[in-house]
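Keep in mind the model is a prediction, meaning the values are calculated, not measured. Per chain, numbering begins at 1; letters A, B, ... match sequence-line order.
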There are 4 protein chains.
Amino acid sequence: MSTTPAFRRLPRAVRERQMLDAAVRVFSRRGFHAASMDEIADEAGISKPMVYAYLGSKEELFTACLHREGTRLLEAIVGAVVPDLPFEERLWRGLRAFFRFVGAHRDGWAVLYRQGRGERPFAGELAAMRHRIIEVVAGMLDRGLAADGREVRPAELEIMAYALVGASESVADWLADHPDADPDVLAGRMMDFAWTGAGNLLAGRRWSPPPAPTD
Amino acid sequence: MSTTPAFRRLPRAVRERQMLDAAVRVFSRRGFHAASMDEIADEAGISKPMVYAYLGSKEELFTACLHREGTRLLEAIVGAVVPDLPFEERLWRGLRAFFRFVGAHRDGWAVLYRQGRGERPFAGELAAMRHRIIEVVAGMLDRGLAADGREVRPAELEIMAYALVGASESVADWLADHPDADPDVLAGRMMDFAWTGAGNLLAGRRWSPPPAPTD
Amino acid sequence: MSTTPAFRRLPRAVRERQMLDAAVRVFSRRGFHAASMDEIADEAGISKPMVYAYLGSKEELFTACLHREGTRLLEAIVGAVVPDLPFEERLWRGLRAFFRFVGAHRDGWAVLYRQGRGERPFAGELAAMRHRIIEVVAGMLDRGLAADGREVRPAELEIMAYALVGASESVADWLADHPDADPDVLAGRMMDFAWTGAGNLLAGRRWSPPPAPTD
Amino acid sequence: MSTTPAFRRLPRAVRERQMLDAAVRVFSRRGFHAASMDEIADEAGISKPMVYAYLGSKEELFTACLHREGTRLLEAIVGAVVPDLPFEERLWRGLRAFFRFVGAHRDGWAVLYRQGRGERPFAGELAAMRHRIIEVVAGMLDRGLAADGREVRPAELEIMAYALVGASESVADWLADHPDADPDVLAGRMMDFAWTGAGNLLAGRRWSPPPAPTD
DNA sequence: TATGAATGAGTTTTCATTCAT
DNA sequence: TATGAATGAAAACTCATTCAT
């Protein structure tokens with residue numbers, strides 16, 4: 001009946017991806033609250049009701065962004081950490097994959113790390129995601145120690161994993177602001193920091209506070 | 001009839017402090033955008049116009065919170081790091097002061113770390129504050145190395161400081177969610193992670209990536 | 001069930017006109033500051049956000065009113081002043097058109113003359129409009145004089161035009177408060193005042209102050 | 001008891017004058033609505049509650065300004081129009097006094113002419129004041145005609161007076177924006193416009209519309 | 001007399017969300 | 001599927017006005 005060409009009426013999956021891409025960009029540069037559905041619809045080149053039809057409310061949309069980017073990140077890391085390699089090698093590959101991802105997906109990283117943090121409704125969502133990474137790392141550490149015949153209490157392991165992940169995030173965030181930096185070099189720096197430290201711990205060397213008399 | 005003291009009609013300085021306290025609490029639990037001036041005024045037990053009269057706009061109010069909490073944190077750390085002590089001792093004291101602060105000022109920490117991050121207008125403000133800490137840490141590392149006769153390029157030092165600070169922040173954030181944890185113990189864990197690592201680096205041991213052929 | 005036509009969901013152009021009409025009415029009776037966007041939206045039978053969506057801020061809305069009414073007025077006058085007629089005839093037609101307009105568009109006149117005056121942001125806008133009229137009048141006077149072989153300094157011409165326009169405005173304002181008065185009669189009165197005066201001036205008769213000794 | 005010198009605790013009349021002066025300045029530059037009681041109190045170098053104690057509400061304050069400036073203006077004109085002089089001389093003196101007043105009291109003029117106009121609560125107040133002047137003028141015209149043995153219907157006289165007053169206001173407003181112009185010269189221009197016209201009318205010359213066939 | 005402290009009531013403006021076509 | 005038209009609800013901010021000292 002109509003001569004309209006096949007410009008619009010894209011299949012659902014494609015449209016959804018376009019919208020998510022647009023949403024990630026907008027959320028990344030504005031933050032959750034300051035981003036408006038109008039701007040997102042504009043960025044996606046689509047009308048607002050379509051966004052609602054496809055992705056639901058603004059919260060659902062942000063959650064979807066979080067999910068997609070988080071999953072991509074996790075998959076990048078997990079895919080890089082080949083299980084049977086030795087601990088050191090796995091750590092190195094994981095870090096490298098992580099920094100490469102951040103270098104290549106700055107918007108996604110901003111959404112995950114800078115914007116999701118403080119917004120009440122997503123704190124849980126994000127914490128869960130972060131926890132999955134931390135557990136991966138803690139598991140690696142654990143197996144590293146076990147392979148060495150040593151044993152560490154889970155609580156301590158968890159803290160260590162938090163430290164490692166936090167350090168990586170901080171450096172990754174620096175990377176997100178320095179587009180010219182080389183992710184692989186940064187991964188090396190992190191190994192400097194984490195491995196030589198972790199290596200010592202694996203070797204059983206612990207640190208104990210000096211006997212400061214007054215505090 | 002009643003012994004009720006002068007609840008209302010307080011002098012300006014007192015009211016200002018009350019408002020800042022309230023604002024820090026509200027910003028901490030809602031984030032900058034989701035917090036409403038109404039809620040802050042309520043929390044302070046005062047009417048909205050007073051908040052505007054004393055602290056200016058919402059942005060100025062948030063900045064004031066950032067400033068007060070940031071200054072407190074910095075002072076706590078700097079006050080603990082006695083200059084003439086050896087490097088290790090200084091690091092230990094600094095970390096301990098940091099974790100103690102976070103344990104005692106959870107709301108302030110949330111404002112500084114979780115909320116300020118993504119909000120456009122304050123990113124700079126916060127980055128500056130963070131940078132001051134990082135420079136302190138980098139300075140410490142630098143002098144530690146110099147005392148040892150070694151030399152490291154500034155860029156590497158900075159990254160290392162980012163890692164150290166990020167690790168501490170991450171563990172501190174964990175602490176903020178675990179009120180029963182002991183800050184001093186966490187500081188010890190951080191030393192485990194940071195010092196044995198840093199110690200190795202100070203001793204000249206660097207890590208180098210394995211010669212993985214394909215990537 | 002009912003034959004009610006499409007009251008809502010009107011096309012943009014129609015709604016915009018409705019809004020301007022309503023705005024002119026409300027501004028006319030309240031003045032710029034005292035008018036609230038709520039009242040304007042109500043008067044237009046529409047919700048506030050639509051007003052913002054279509055006409056922008058309150059200032060832009062008022063400017064739009066000023067523009068529309070000013071343009072209408074100017075067009076009414078200019079359309080009436082056929083160029084090739086003699087000066088007297090042109091003046092008469094211009095005045096008659098002016099008074100007819102004011103009689104038929106009391107609200108528009110109130111917005112232009114009574115409300116725009118004092119409000120800082122529009123003074124310029126309005127002054128420009130008024131100036132256009134004054135220049136038209138001054139031009140007419142000038143050509144009237146030139147046709148007569150006489151010459152008057154531009155500054156004097158301008159003042160004279162100000163006087164003529166001011167006199168007309170004042171009488172028009174009286175008309176706006178006396179709905180039963182006949183615009184054409186008033187235009188005649190103005191000619192009495194202006195033309196017999198102007199006629200004398202055209203004839204070269206100037207007035208000079210008496211030699212009052214003390215002042 | 002105290003050594004405080006006689007800076008404050010001024011007699012009521014003085015304080016009131018200071019406040020009115022300040023109010024006139026502020027209203028003049030901001031308009032009634034945009035002026036804030038804070039700014040007025042500041043300008044008067046006094047605290048807000050004092051303004052309320054002395055002059056009542058904001059409306060009352062503005063009314064007081066209107067009254068004072070209006071009375072001054074009226075007195076200046078009436079004082080200049082010595083009753084027994086001939087019509088022409090009285091008109092000339094009245095106009096000169098008017099333009100001199102506006103030149104010397106620009107703020108007062110702005111309050112009377114530009115700001116009061118549109119503000120609902122004062123329209124009546126102002127109209128009354130204007131009417132008093134118009135009646136003075138109409139009375140002058142009437143006696144001028146009577147002395148000449150002619151008679152004009154009151155309605156026509158009123159319109160003429162409106163025209164004369166409006167013309168003067170318009171030129172006066174021009175003067176308020178041109179501080180370097182000489183009020184007496186402007187008064188002369190107005191006589192050019194008004195007297196040569198009025199003189200003709202007094203001589204019985206009326207204008208009648210041309211017999212335009214179609215309108 | 002004089003004022004710093006305090007607020008109720010309103011203003012403009014924005015935004016997520018939904019109809020009706 | 002796709003969208004222009006439409007709105008309820010809320011947020012930041014201001015101001016005339018008053019109290020308590």
Side-chain angles (χ1 to χ4, degrees), chain A residues 2 4 7-12 15 33-41 45-54 56-61, chain B residues 6-16 33-41 44-54 56-61, chain C residues 6-16 33-41 45-54 56-61, chain D residues 4 7-12 15 33-41 45-54 56-61:
Chain A
S2 119
T4 320
F7 276 3
R8 20 190 82 211
R9 313 256 162 190
L10 298 179
R12 177 164 189 128
R15 268 279 141 92
H33 262 100
S36 83
M37 294 299 268
D38 268 294
E39 188 176 358
I40 292 170
I46 230 169
S47 77
K48 242 187 316 177
M50 290 301 312
V51 181
Y52 281 88
Y54 276 72
S57 72
K58 192 184 183 187
E59 283 201 8
E60 287 174 278
L61 176 54
Chain B
F7 267 8
R8 7 198 89 224
R9 218 62 44 170
L10 298 180
R12 178 173 184 136
V14 177
R15 271 282 135 90
E16 254 176 12
H33 262 102
S36 85
M37 294 299 266
D38 269 298
E39 187 176 0
I40 291 170
I46 228 167
S47 76
K48 234 189 319 175
M50 289 277 16
V51 182
Y52 280 90
Y54 283 3
S57 70
K58 192 183 182 185
E59 281 202 8
E60 284 174 283
L61 176 56
Chain C
F7 267 10
R8 6 199 92 224
R9 217 68 38 173
L10 299 180
R12 176 173 186 136
V14 178
R15 271 282 135 90
E16 252 175 13
H33 262 104
S36 85
M37 294 299 267
D38 268 297
E39 187 175 359
I40 292 171
I46 228 169
S47 77
K48 238 188 315 176
M50 289 282 4
V51 182
Y52 280 90
Y54 283 4
S57 71
K58 192 184 181 185
E59 280 201 9
E60 284 173 284
L61 177 54
Chain D
T4 321
F7 276 3
R8 23 189 77 209
R9 310 257 164 189
L10 298 178
R12 177 164 189 127
R15 269 278 140 92
H33 262 101
S36 84
M37 293 300 267
D38 269 294
E39 187 175 359
I40 291 170
I46 231 170
S47 78
K48 241 187 316 176
M50 288 302 310
V51 181
Y52 280 89
Y54 276 69
S57 72
K58 191 185 182 186
E59 282 200 7
E60 287 174 278
L61 176 54

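Of the two residues contacting DNA chain F, namely Ser36(D) and Ala35(B), the nearest-nucleotide position lying further toward the 5' end is that of Ala35(B). Position along DNA chain F of the nearest nucleotide to Ile46(A) versus His33(D) favours Ile46(A) as the more 5'-ward residue. Taking for each of Lys58(C) and Pro11(B) the nucleotide of DNA chain E with the nearest heavy atom, the 5'-most of the two is the partner of Pro11(B).
In this structure, Asp38(B) atom CG and dG10(E) atom C1' are separated by 13 Å, rounded to whole Å. Atom P of nucleotide dC15(E) and atom CD of Glu59(A) are separated by 17 Å, given to the nearest angstrom. If you take CD of Glu16(C) and P of dA6(F), they are 11 Å apart, rounded to a whole angstrom. The distance from atom CZ of Arg12(C) to atom C1' of dG4(F) is 10 Å, rounded to the nearest whole Å. Rounded to an integer number of Å, the gap from Met50(D) CE to dT17(F) C1' is 16 Å. When the P atom of dT17(F) is taken as reference, atom NZ of Lys48(D) falls 10 Å away, rounded to whole Å.
Atom CD1 of residue Ile40(A) and atom CD1 of residue Ile46(A) lie 12.5 Å apart, to the nearest 0.5 angstrom.
Residues Leu61(B) and Met37(B) meet the side-chain proximity criterion, which asks for heavy atoms closer than 4.5 Å.
The base of dA5(E) sits with one of its N or O atoms less than 3.5 Å from a complementary donor or acceptor on the side chain of Arg9(B).
Remark: dA20(E) base-pairs with dT3(F). Criterion, Watson-Crick or G-U wobble with two distances under 3.5 Å.
Met37(B) comes within 4.0 angstrom of sugar-phosphate atoms only, judged by non-hydrogen atoms across all strands, and of no base.
The side chain of Tyr54(A) contributes no N or O atom lying less than 4.0 Å from OP1 or OP2 of dT1(F). An OP1 or OP2 oxygen of dT1(F) is reached within less than 4.0 angstrom by no side-chain nitrogen or oxygen of Arg15(A).
Under a 3.5 Å cut-off, the side chain of Lys58(A) and the backbone N or O of Tyr52(A) do not form any donor-acceptor pair. A donor-acceptor pair is defined here as one N or O able to donate and one able to accept, closer than 3.5 Å; such a pair exists between the side chain of Glu60(C) and the backbone of Ser57(C).
Residue Tyr52(C) has its side chain nearest to dT13(E) when only dT13(E), dT3(F), dT18(F) are considered. In the set dT18(E), dA6(F), dT18(F), dA6(F) carries the atom at the smallest distance from any side-chain atom of Leu10(C). Nearest nucleotide to the Pro49(A) side chain, out of dT13(E), dT18(F), dC19(E): dC19(E).
The cationic atom of Arg12(A) (NZ for Lys, CZ for Arg) lies less than 6.0 Å from the six-membered ring centre of Tyr54(A) and within 45° of the ring axis.
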